[in-house]
Amino acid sequence: MSWAFEMETLILGWYVMVQTARSCCSPRSLIAAARHARGAMFGVLGDRLGGRTLLCVMRAICAALAAVLMVLG
């Protein structure tokens, strides 16, 4: 993924803040902030647990969610 999406979100938020004199809490900016926070959290967990362990845990969670969706669907 390139930096284009992050730059677009930053510039759009800055433009709206300047034009309206208030901060922008659009869903797009909230999703971008959550993505950055999630990335930092996974980085810390990767350092603490190790990359292989974290990958196995993430795959197990995805498999469990897929199983739940299969049972409910």
Side-chain angles (χ1 to χ4, degrees):
M1 182 177 225
S2 68
W3 284 94
F5 186 75
E6 283 80 8
M7 290 302 295
E8 180 183 355
T9 304
L10 180 68
I11 292 168
L12 182 62
W14 173 78
Y15 177 76
V16 170
M17 187 176 72
V18 168
Q19 294 299 319
T20 62
R22 60 187 172 139
S23 63
C24 175
C25 287
S26 69
R28 188 173 184 179
S29 64
L30 293 175
I31 290 170
R35 185 176 60 222
H36 291 298
R38 186 179 63 220
M41 179 189 69
F42 281 125
V44 169
L45 285 175
D47 287 341
R48 298 276 177 153
L49 301 175
R52 182 176 292 165
T53 305
L54 182 62
L55 180 63
C56 291
V57 168
M58 287 181 4
R59 285 189 176 182
I61 290 171
C62 286
L65 290 174
V68 168
L69 286 175
M70 186 175 65
V71 169
L72 294 177

Members sharing V71's hydrophobic cluster (side chains within less than 4.5 Å): none
List in chain and number order the residues that pass side-chain contact (heavy atoms from CB on, under 4.5 Å) with L54, two or more places apart in sequence or in another chain; answer none if no residue qualifies. F42, L45, M58
Besides L65, the hydrophobic cluster formed by Ile, Leu, Val, Met, Phe, Trp and Tyr side chains linked at under 4.5 Å, directly or via other members, contains V57, I61
